[in-house]
Amino acid sequence: MAITFGSFDGVCSTAALVICPLLGTSGQGIEPTCYSRNVQIGQTVIFQPSTCFVHIVAIIMTAIMIYHIRSKYTAVGRKEIVMFFWLYMIIELLAMFLDSGIIPTANVSYPWFAAVYTGLVATAYCCLLINGFVGFQFAEDGTPLSLWLLRICCFAVFGGTFFISIATFKSFVSFSPTKTTALFVVYLIWPILCVATYTILQLVLVFRTLDDRWPLGDIIFGIAFYGIAQVLLFAFSITICNAITHYLDGLFFFTLCVLLSVMMVYKYWDSITREDLEFSVGSKAAVWEVKDPLLTPSVTAPSADYEEDTSSYHAGAASLVGGVSGTQYYGGKQAYGVQGGYGQGGYGGGRRAYPPTSEGY
């Protein structure tokens with residue numbers, strides 16, 4: 001069935017989307033023509049098991065990406081871009097419960113969870129769009145102005161999309177499951193506009209401010225994965241499902257390709273940001289090399305060894321000072337001799353004591 005603007009009949013008959021069980025004129029939702037097989041675990045039937053596996057992988061990969069982003073303490077736009085990945089992780093977690101049927105479609109809470117899911121999807125694309133402007137430094141990244149501008153915009157988009165979704169599901173105001181134009185715009189058109197704008201902004205950023213052209217590869221791969229995801233879901237989902245005898249459908253490949261495109265967003269951001277190592281805090285202990293010339297051997301006397309005398313003076317102990325014992329140096333009887341005055345032999349008259357005189361040398 002062809003896709004018509006403002007109508008989910010053609011979309012939901014091709015792809016098993018989260019919102020499809022809540023739309024249509026029958027009150028039972030719009031059932032897709034072909035979808036993947038279900039599995040039963042105990043007394044629970046799990047829908048879309050292969051897609052749920054991709055959701056779990058996406059959550060793990062997103063956690064790894066968030067960890068690496070947070071470890072780049074001085075990278076540009078770190079706090080802004082990490083919010084996008086947090087939103088994506090929450091979306092994948094919620095989609096896992098909705099796609100699998102753990103939250104049944106007949107449950108009274110399903111429309112509210114589906115509305116939250118729809119609002120988060122629109123918010124994630126809004127966050128990506130605003131991150132496209134961060135590199136131009138209209139507001140310095142990481143400052144309260146930049147962060148609160150991002151949060152307010154995302155909150156506004158979430159609130160508007162959530163209202164449109166729940167009003168459509170519950171027939172509030174002038175919305176109903178058969179009047180889905182507004183939902184069609186925020187769920188299908190808005191993401192495409194955000195991705196297109198973000199891509200154009202990043203191309204301008206690369207060509208105008210960067211000398212390196214390698215980030216273009218990340219942009220190209222990201223757009224390619226995102227485009228393939230849309231085509232596989234809305235054009236070839238039924239064909240794939242019939243060819244693989246219902247083991248997989250277009251939703252599986254859509255979720256996988258979206259994960260790959262999100263990974264390209266991270267790869268692109270990582271390639272255009274360089275951390276200032278002077279002010280960074282690494283997880284490994286730094287190795288410092290001391291180059292103080294006072295702590296190195298003398299150049300003029302490289303063989304001289306300087307050793308600190310840590311011993312204390314005790315009576316009768318052999319504390320070597322200048323090559324003789326402390327008793328010889330400090331003791332009057334041995335140091336000053338019998339006469340106790342200056343003699344020709346140095347201290348002590350008839351006996352040679354320390355220090356020796358020049359006589360005899």
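For clarity, every value in this text was computed on a predicted model and none was experimentally measured.
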Self-check item: Main-chain N/O of Tyr268 paired with Ser271 side-chain donor or acceptor, under 3.5 Å
Solution: yes
Quiz prompt | Side chain to side chain, Phe207 and Arg213, heavy atoms closer than 4.5 Å | solution = yes
Exercise. Give a yes or no answer on whether the side chain of Thr178 reaches the backbone of Gly24 with a donor-acceptor pair at less than 3.5 Å.
Key: no
Quiz item: When you measure from the side chain of Gln40 to the backbone N and O of Gly42, does any donor-acceptor pair fall under 3.5 Å?
Solution: yes
Exercise. Keeping the roles fixed (side chain from Trp269, backbone from Ile81), state whether a donor-acceptor pair exists under 3.5 Å.
Key: no
Quiz prompt | Test item: Ile272 and Leu205 side chains (from C-beta on) under 4.5 Å apart, heavy atoms | solution = yes
Quiz item: Are the side chain of Thr33 and the backbone of Ser13 linked by a donor-acceptor contact shorter than 3.5 Å?
Solution: yes
Practice problem: Look at the rings of Phe85 and Tyr266 and say which category their plane angle falls in: under 30° parallel, 30 to 60° tilted, over 60° perpendicular. | Solution: perpendicular
Self-check item: Nearest-0.5 Å distance, CG of residue Leu233 to CZ of residue Phe253
Solution: 12.0 Å
Quiz item: Are Tyr247 and Phe252 close enough that some pair of their side-chain heavy atoms sits under 4.5 Å apart?
Solution: no
Quiz item: Within the side chain of Asp141, is there an N or O that forms a donor-acceptor pair under 3.5 Å with the backbone of Ser146?
Solution: no
Exercise. Verify whether one side chain among Glu92 and Thr62 offers a donor that lies under 3.5 Å from an acceptor in the other.
Key: no
Quiz item: CZ of Arg70: more than 12 outside heavy atoms within 6.0 angstrom?
Solution: no
Practice problem: Supply the atom-to-atom distance Thr143 OG1 to Trp148 CH2, rounded to the nearest 0.5 angstrom. | Solution: 13.0 Å
